[in-house]
Chemist: 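Please see the structure below; I have some questions.
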Amino acid sequence: MSAVQPVRGTHDLIGEEQRRHAHVVDTARTVTGLYGFEEWSTPIFEETAVFARSLGDTSDVVSKEMYTFPDRGGESLTLRPEGTAAICRALVTNGLTQSLPQKVFYTGPMFRYERPQKGRYRQFHQIGAELIGPAEPVADAEAIAMGRDVLGALGIADDVTLELNTLGDPESRAAWRKALIDYFSNFRDRLSQDSQDRLDRNPLRILDSKAPEDRALLPDAPMLVDYLNDHSKRFWDGLRAALGAFGVPFVENPRIVRGLDYYSHTAFEFVTTRLGAQGTVLAGGRYEGLVAEMGGPQTPAIGWAGGVERLAMLLENAPEKEAPIVVIPVGDAAEAPAIGVLTRLRYAGLRSEMAYRGNLKKRMERANRVGASHVVILGESEVAKGVVQMRDLSSGEQSEISVDRLIETLGEAPLRATVREYLGAILPPGLSAGKGA
RNA sequence: GCGGACGUAGCUCAGUCGGUAGAGCGCCGGUUUGUGGUACCGGUUGUCGCGGGUUCGAUCCCCGUCGUUCGCCCCA
């Protein structure tokens with residue numbers, strides 16, 4: 001059609017989809033709160049330098065995949081492609097490097113100029129967490145455990161595997177990287193065309209290549225484990241021990257790598273097989289040097305981010321729309337009293353709507369269609385007697401009752417999820433909300 | 001950026017070996033001027049993604065384009 005369309009790779013979130021997204025975000029906010037994390041909101045655009053610095057100038061990510069534009073003053077701005085760089089910038093700009101650790105939860109839209117695929121859009125949404133300050137592996141384990149609990153609270157932990165790796169510290173990684181280049185250079189002509197390019201540009205990426213000819217060379221490739229120095233080994237051992245203490249199962253996957261130099265030690269991905277090639281659902285790692293890039297002191301940090309679209313797709317059941325109560329006046333004379341009843345219901349905290357149109361049958365049909373739990377009917381005779389007809393739409397039972405009794409009765413009905421019920425429902429088995437904490 | 005598949009009613013899809021289209025669901029109305037969710041009856045819905053070409057004639061064939069989707073590249 002010639003009508004206007006949404007921009008490629010963007011989507012409207014309406015109805016069930018919006019409820020799924022909101023549920024993912026609300027759940028992550030609640031669970032990270034249990035770990036003492038606090039939400040930050042940063043602008044969705046920044047000076048281009050914020051992201052360009054974090055990525056290095058040569059990366060073609062910078063040139064090809066960011067939404068970058070000059071503003072009217074000629075300054076180069078970029079729609080944020082991820083959250084971590086902006087959080088580090090905010091840490092520095094707000095002088096919070098003086099009060100570490102900072103435990104940050106964030107959520108919101110991100111923008112990448114890429115070819116859309118399932119669960120991968122140009123405007124997409126992330127939830128993320130950064131634990132800034134600690135240099136101990138326990139912090140990494142805690143951040144990972146928190147990610148696991150978010151997935152658990154969403155009911156998808158069983159569909160997801162935690163894959164874990166260490167990248168070592170810069171010294172270890174440099175030694176390993178050199179060994180890798182030496183090794184693959186010997187077999188240059190047996191590598192795929194893509195990997196021959198990667199050998200010059202980003203040799204670690206050969207390790208997660210999907211091309212069979214590359215995979216054939218991997219078993220004999222140098223392993224980072226053999227190049228870890230003592231510090232890196234202790235960190236790696238400490239991480240795995242701490243994950244055990246947190247009760248987080250994992251599989252080691254030496255093929256998980258990160259392209260950028262400021263990553264060190266921990267790298268992890270929660271992966272599902274249910275989303276085709278876009279199976280990583282929540283991923284992160286330890287980074288050192290990014291805060292310094294933003295002009296702050298050298299500050300270690302561990303963080304992760306998860307794709308809301310992908311998580312929303314994995315939810316078994318879409319959250320139900322909350323059932324309203326529908327008030328139906330019969331006859332014009334009943335309309336004003338009906339508004340009075342409607343208002344009292346709302347002030348009592350009950351989601352309520354009024355059906356204005358059509359004959360009683362039509363209004364009942366409409367009440368049914370919006371998923372009402374109860375209908376409140378009042379016509380002339382009810383108004384005269386000061387009562388209403390309360391009908392339970394699931395049972396079909398109907399009774400004549402005073403407005404005071406109506407509010408009492410519906411107020412007791414489990415129409416609203418209380419905070420306690422919500423917490424009880426989202427926590428993984430074995431943990432209980434509120435008690436003994 | 002590269003390659004494959006797809007684009008027909010609000011939704012899911014059928015169809016025409018080239019003669020301007022149909023089903024189910026939904027929606028609206030009725031059977032029931034004060035009672036829904038099940039039944040029955042009736043009705044409504046389309047520039048067949050967009051632009052161009054071939055043809056007497058294109059939704060169908062060809063080219064382009066936009067969009068969707070699967071994979072590659074990339075994945076901060």
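Letters go in sequence order (proteins before strands), and every chain restarts at 1. Just so it is clear, the structure is predicted and the values come from calculations on it, not from any experiment.
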Chemist: Looking at the base of B/rG37, is there any donor atom on it, or on the side chain of A/Ser394, that sits under 3.5 Å from an acceptor on the other one?
Modeler: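 Under the 3.5 Å cut-off, the side chain and the base do not form any donor-acceptor pair.
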Chemist: Grab the two heavy atoms, one from A/Arg80 and one from A/Thr42, that are nearest each other, plus how far apart they are.
Modeler: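 Minimum heavy-atom contact is NH1-O, 3.2 Å.
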Chemist: Side chains of A/Glu397 and A/Met390, heavy atoms from C-beta outward: is any pair under 4.5 Å?
Modeler: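 A/Glu397 does not reach A/Met390 side chain to side chain.
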Chemist: So, does A/Arg369 get its side chain near the phosphate of B/rC27, meaning an N or O under 4.0 Å from OP1 or OP2?
Modeler: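 Yes, such a contact exists.
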Chemist: Given B/rA76, B/rG34, B/rG36, identify the nucleotide with an atom nearest to the side chain of A/Arg258.
Modeler: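 Selected nucleotide (nearest to the side chain): B/rA76.
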Chemist: Take atom CG of A/Leu207 and atom P of B/rC75, then tell me their distance rounded to the nearest Å.
Modeler: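 After rounding, the gap between these two atoms is 13 Å.
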Chemist: How far, in whole Å, is B/rA9 from B/rU20 if one measures between their C1' atoms?
Modeler: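 Per the computed distance, 16 Å lies between those C1' atoms.
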Chemist: Return the value, rounded to whole Å, for the distance between atom CD of A/Glu46 and atom C1' of B/rA76.
Modeler: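 Rounded to whole Å, this separation is 14 Å.
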Chemist: Quote, to the nearest angstrom, the C1' distance that separates B/rU16 from B/rC61.
Modeler: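 Per the computed distance, 13 Å lies between those C1' atoms.
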Chemist: Find the distance A/Gln398:CD to B/rG36:C1' and express it as a whole number of Å.
Modeler: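 Computing the A/Gln398:CD to B/rG36:C1' distance gives 11 Å.
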Chemist: Taking only side-chain N and O atoms of A/Asn359, does any of them lie within less than 4.0 angstrom of OP1 or OP2 on B/rG34?
Modeler: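 Indeed, a polar side-chain atom of A/Asn359 lies that close.
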Chemist: Got a salt bridge between A/Arg274 and A/Asp159, using NZ or NE/NH1/NH2 to carboxylate O under 4.0 Å?
Modeler: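 Looking at A/Asp159 together with A/Arg274, the answer is yes, because their closest N to O distance falls below 4.0 Å.
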Chemist: Between A/Pro6 and A/Arg366, just flag the one whose closest nucleotide in RNA chain B comes earlier from the 5' side.
Modeler: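 Here A/Arg366 is the residue nearer the 5' end.
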Chemist: At less than 4.0 Å, is any side-chain N or O atom of A/Arg205 found next to OP1 or OP2 of B/rC75? Yes or no.
Modeler: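 A/Arg205 to B/rC75 OP1/OP2: side-chain N or O found under 4.0 Å.
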Chemist: Go ahead and name the base partner of B/rG71; Watson-Crick or wobble counts if both distances stay under 3.5 Å, otherwise write none.
Modeler: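 Per the H-bond distance test, B/rC2.
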Chemist: In whole angstrom, give me the gap between the P atoms of B/rC62 and B/rA58.
Modeler: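 The answer is 16 Å between these two P atoms.
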Chemist: How would you label the contact of A/Gly396 with the nucleic acid (heavy atoms, under 4.0 Å): base, sugar-phosphate, or nothing?
Modeler: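 The answer is base, as A/Gly396 lies within the cut-off (heavy atoms under 4.0 Å) of a base atom.
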Chemist: Can you tell which of B/rG36, B/rC75, B/rG34 lies closest to the side chain of A/Gln389?
Modeler: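 Of the options given, the side chain of A/Gln389 lies nearest B/rG34.
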Chemist: In whole Å, measure the gap between the P atoms of B/rC6 and B/rU45 for me.
Modeler: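 Taking atom P in both B/rC6 and B/rU45, they lie 31 Å apart.
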Chemist: Over all strands shown, is A/Glu269 touching base, sugar-phosphate only, or nothing at heavy-atom distances under 4.0 angstrom?
Modeler: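 Answer is nothing: A/Glu269 stays at 4.0 Å or more from every strand.
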Chemist: OP1, OP2 of B/rG29 versus side-chain N and O of A/Lys362: anything below 4.0 Å?
Modeler: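 Yes, such a contact exists.
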Chemist: Answer with yes or no after comparing the ring centroid distance for A/His265 and A/His231 against a 6.0 Å cut-off, counting only values under it.
Modeler: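 Close enough - the centres of the two rings lie under 6.0 Å apart.
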Chemist: Taking only Lys NZ, Arg NE, NH1 and NH2, and the carboxylate oxygens of Asp or Glu, determine whether A/Arg240 and A/Glu252 approach each other closer than 4.0 Å.
Modeler: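 Counted as a salt bridge, because a side-chain N and a carboxylate O are separated by less than 4.0 Å.
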Chemist: Identify which nucleotide among B/rU35, B/rG37, B/rC74 has an atom closest to any side-chain atom of A/Asn368, counting heavy atoms from C-beta outward.
Modeler: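 Of the options given, the side chain of A/Asn368 lies nearest B/rG37.
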Chemist: Measure CG/A/Asn202 against P/B/rC75 and give the value in whole Å, please.
Modeler: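 Spelled out: CG on A/Asn202 to P on B/rC75 is 6 Å.
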Chemist: Using Watson-Crick or G-U wobble geometry with both distances under 3.5 Å, which nucleotide pairs with B/rU20?
Modeler: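 Paired with B/rU20, as far as the under-3.5 Å criterion goes, is no nucleotide at all.
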Chemist: When you measure from the side-chain N and O atoms of A/Arg120 to the phosphate of B/rC74, is any distance below 4.0 Å, counting only OP1 and OP2?
Modeler: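 For B/rC74, neither OP1 nor OP2 has a side-chain N or O of A/Arg120 closer than 4.0 Å.
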Chemist: Mind checking the P distance from B/rU54 to B/rG26? Whole angstroms is fine.
Modeler: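 Straight-line distance between the two P atoms is 46 Å.
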Chemist: With a non-hydrogen cut-off below 4.0 angstrom, is A/Tyr263 in contact with a base, only sugar-phosphate, or nothing?
Modeler: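 Since only primed, P, OP1 and OP2 atoms lie under 4.0 Å of A/Tyr263, the category is sugar-phosphate.
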Chemist: For A/Met390 and B/rG36, give me the distance from atom CE to atom C1', rounded to whole Å.
Modeler: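 Atom CE in A/Met390 sits about 16 Å away from atom C1' in B/rG36.
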Chemist: P atom, B/rC25 versus B/rC40: distance in rounded Å?
Modeler: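 Each nucleotide's P atom is 10 Å from the other's.
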Chemist: Any strand counts, and the cut-off is 3.5 Å on both contacts for Watson-Crick or G-U wobble. Which nucleotide pairs with B/rG7?
Modeler: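 B/rG7 is paired, partner B/rC66.
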Chemist: Using the P atom as the reference point in each nucleotide, state the distance between B/rU69 and B/rC13 in Å, no decimals.
Modeler: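 It comes out at 14 Å once rounded to the nearest Å.
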Chemist: From C-beta outward on A/Lys210, which listed nucleotide comes closest to its side chain: B/rG36, B/rA76, B/rC75?
Modeler: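 When the side chain of A/Lys210 is considered, B/rC75 is the closest of B/rG36, B/rA76, B/rC75.
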Chemist: Quick one: label A/Arg391 by what it contacts on the DNA or RNA (base, sugar-phosphate, nothing), any heavy atom closer than 4.0 Å.
Modeler: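 Result for A/Arg391 = base.
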Chemist: Please measure how far the P atom in B/rG49 lies from the corresponding atom in B/rG7, and state the result in whole Å.
Modeler: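 After rounding to an integer number of Å, I get 8 Å for this pair.
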Chemist: Now, which nucleotide makes the Watson-Crick or G-U wobble pair with B/rU47, with each of the two distances under 3.5 Å?
Modeler: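 Because no pair has both required distances under 3.5 Å, B/rU47 counts as unpaired.
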Chemist: Quick one: is A/Arg8 getting a side-chain N or O under 4.0 Å of the B/rU68 phosphate, OP1 or OP2?
Modeler: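 It does, given that an N or O in the side chain of A/Arg8 lies less than 4.0 Å from OP1 or OP2 of B/rU68.
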Chemist: Counting any heavy atom closer than 4.0 Å, what does A/Gly128 reach on the DNA or RNA strands: base, sugar-phosphate only, or nothing?
Modeler: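 If one applies the 4.0 Å heavy-atom cut-off, A/Gly128 turns out to touch nothing in the nucleic acid.
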Chemist: Quick one: does A/Glu17's side chain get under 4.5 Å of A/His11's, heavy atoms only?
Modeler: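 Counting from C-beta outward, A/Glu17 and A/His11 never come under 4.5 Å.
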Chemist: Where the side chain of A/Arg115 is concerned, which of B/rC2, B/rG34, B/rC72 is the nearest nucleotide?
Modeler: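 Nearest to the side chain of A/Arg115 among the choices is B/rC2.
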Chemist: Checking all strands, does A/Glu380 fall into the base, sugar-phosphate, or nothing category for heavy-atom contacts under 4.0 angstrom?
Modeler: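 The answer is base, as A/Glu380 lies within the cut-off (heavy atoms under 4.0 Å) of a base atom.
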Chemist: Contact class for A/Ser381 vs. all strands (heavy atom < 4.0 Å): base, sugar-phosphate, or nothing?
Modeler: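 Here A/Ser381 touches the bases of the nucleic acid.
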Chemist: Whole Å only: how far is the CZ atom of A/Arg286 from the C1' atom of B/rA76?
Modeler: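 For the pair A/Arg286 CZ and B/rA76 C1', the rounded distance is 18 Å.
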Chemist: In terms of side-chain geometry, is the basic nitrogen of A/Arg344 or A/Asp404 positioned less than 4.0 Å from the acidic oxygen of its partner?
Modeler: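 Counted as a salt bridge, because a side-chain N and a carboxylate O are separated by less than 4.0 Å.
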Chemist: Mind calculating the distance between CZ (A/Arg80) and C1' (B/rA76) to the nearest angstrom?
Modeler: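 A/Arg80 atom CZ is separated from B/rA76 atom C1' by 14 Å.
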Chemist: State whether the side chain of A/Asp214 and the backbone N or O of A/Ser192 hold a donor-acceptor pair below 3.5 Å, judged by distance alone.
Modeler: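 Yes, the answer is positive, given that a donor and an acceptor are paired below the 3.5 Å cut-off.
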Chemist: Looking only at side-chain atoms of A/Glu65, point me to the closest of B/rG36, B/rC72, B/rA76.
Modeler: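 Within the option list, the nearest is B/rA76.
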Chemist: Between atom CG in A/Asp214 and atom C1' in B/rC72, what is the gap in whole Å?
Modeler: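 It is 13 Å, rounded to the nearest whole Å.
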Chemist: Indicate the atoms forming the closest heavy-atom contact of A/Glu130 with A/Phe37, along with that distance.
Modeler: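 Distance-wise, the nearest heavy atoms are O-CE2, 3.5 Å.
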Chemist: With both distances under 3.5 angstrom, what nucleotide forms a Watson-Crick or G-U wobble pair with B/rC61?
Modeler: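 B/rG53 is the nucleotide pairing with B/rC61.
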